[in-house]
Amino acid sequence: MTSTTWQRAWPWLLLLLVALFTAWLRYGVIEPATMAQQCGGGHAPWWCRWRQWLVLGFLHDVYGIAALLATALALLWKRAWLAWLAAALGVIALQLYCFESGALAVLIGCLRLLRLQATRAVPVAQHRHGQQQAHSQP
């Protein structure tokens with residue numbers, strides 16, 4: 001693979017890592033009943049506070065709001081990192097129960113990132129034909 005192919009692939013691979021990590025958080029830390037039982041007792045482990053913050057985040061739609069804010073910024077400024085951030089926060093919101101806002105952020109963030117990568121990849125001068133003449137007949 002060439003270096004430009006790798007440069008275009010990195011954001012998508014990182015997005016996959018974000019999705020895998022967030023899935024682990026959801027299915028390994030938040031949802032298991034054993035985790036909830038451990039955190040419900042009087043002598044809760046140190047990580048229960050972090051788990052509680054994660055739960056409060058999706059109860060108050062914090063992840064969805066953050067994803068929509070990043071999406072708005074990605075639409076205002078044409079920056080690839082903002083498009084990636086919108087998609088990544090959308091993936092996090094989707095995994096952590098903020099479905100509507102997360103889906104919208106993933107969709108717009110991915111489309112914006114694709115558009116920015118495509119614009120950067122295709123030389124504009126290649127598709128221009130200079131002075132073109134209009135002919136009366138085809």
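Computed from a predicted model, the values in this text were never measured in an experiment.
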Peer 1: Report yes or no: do Trp10 and Leu89 belong to one cluster of Ile/Leu/Val/Met/Phe/Trp/Tyr joined by side chain heavy-atom distances under 4.5 Å?
Peer 2: no

Peer 1: Given side chains that start at C-beta, do those of Val55 and Phe58 come closer than 4.5 Å, heavy atoms only?
Peer 2: yes

Peer 1: Can you confirm whether the side chains of Trp12 and Gln117 place a donor and an acceptor under 3.5 Å from each other?
Peer 2: yes

Peer 1: May I ask whether Val62 and Leu85 are part of the same hydrophobic cluster, defined by side-chain heavy atoms of I, L, V, M, F, W, Y residues being less than 4.5 angstrom apart, directly or through others?
Peer 2: no

Peer 1: Got a second to check how far Arg51's CZ is from Leu56's CG, nearest 0.5 Å?
Peer 2: 10.5 Å

Peer 1: When Ile, Leu, Val, Met, Phe, Trp and Tyr are grouped by side-chain heavy atoms lying under 4.5 Å apart, directly or through other members, which residues fall in the same group as Leu107?
Peer 2: Leu111

Peer 1: Working to the nearest 0.5 angstrom, can you tell me the gap between Glu100 CD and Leu94 CG?
Peer 2: 9.5 Å

Peer 1: Would you call the rings of Tyr97 and Phe99 parallel, tilted or perpendicular if under 30° counts as parallel and over 60° as perpendicular?
Peer 2: perpendicular

Peer 1: Could you identify which residues cluster with Leu16, counting Ile, Leu, Val, Met, Phe, Trp and Tyr as linked when any side-chain heavy atoms lie under 4.5 Å apart, either directly or through a chain of such contacts?
Peer 2: Leu20

Peer 1: CD1 of Ile65 to OG of Ser101: how many Å apart, nearest 0.5 Å?
Peer 2: 8.0 Å

Peer 1: Using side-chain heavy atoms (C-beta onward) and a distance below 4.5 Å, is Met35 in contact with Trp47?
Peer 2: yes

Peer 1: Indicate the atoms forming the closest heavy-atom contact of Ala93 with Gly102, along with that distance.
Peer 2: CB-CA, 3.7 Å

Peer 1: Roughly how far, to the nearest 0.5 Å, is the CG atom of Leu82 from the CZ atom of Arg112?
Peer 2: 10.0 Å

Peer 1: Is there a side-chain contact between Leu116 and Trp84 (heavy atoms, below 4.5 Å)?
Peer 2: no

Peer 1: Can you find a pair of side-chain heavy atoms, one from Gln95 and one from Tyr63, that are under 4.5 Å apart?
Peer 2: no

Peer 1: Do Leu17 and Leu15 belong to the same hydrophobic cluster, where Ile, Leu, Val, Met, Phe, Trp and Tyr are linked whenever their side-chain heavy atoms lie under 4.5 Å apart, directly or via other members?
Peer 2: yes

Peer 1: If two hydrophobic side chains count as joined below 4.5 Å and joins carry through other members, does Leu59 share a cluster with Val29?
Peer 2: yes

Peer 1: Between OG1 of Thr22 and CG of Leu54, what distance do you get to the nearest 0.5 Å?
Peer 2: 9.5 Å

Peer 1: Applying the 4.5 Å side-chain criterion to the ILVMFWY set and letting contacts propagate, would Leu69 and Trp81 be lumped into a single cluster?
Peer 2: no

Peer 1: Between Arg26 (side chain only) and Leu96 (backbone N and O only), is there a donor and an acceptor less than 3.5 Å apart?
Peer 2: no

Peer 1: Tell me who clusters with Leu104, hydrophobic residues only, linked when side chains sit under 4.5 Å apart either directly or through other members.
Peer 2: Leu68, Leu75, Ile108

Peer 1: So, taking the atom named SG in Cys98 and the one named CD1 in Ile92, what distance separates them when rounded to the nearest 0.5 Å?
Peer 2: 11.0 Å

Peer 1: Closest approach of Ala87 and Val106, non-hydrogen atoms and distance?
Peer 2: O-CG2, 3.7 Å

Peer 1: Identify the heavy atoms of Gly90 and Ala67 that sit nearest to each other, and give their distance.
Peer 2: N-CB, 3.8 Å

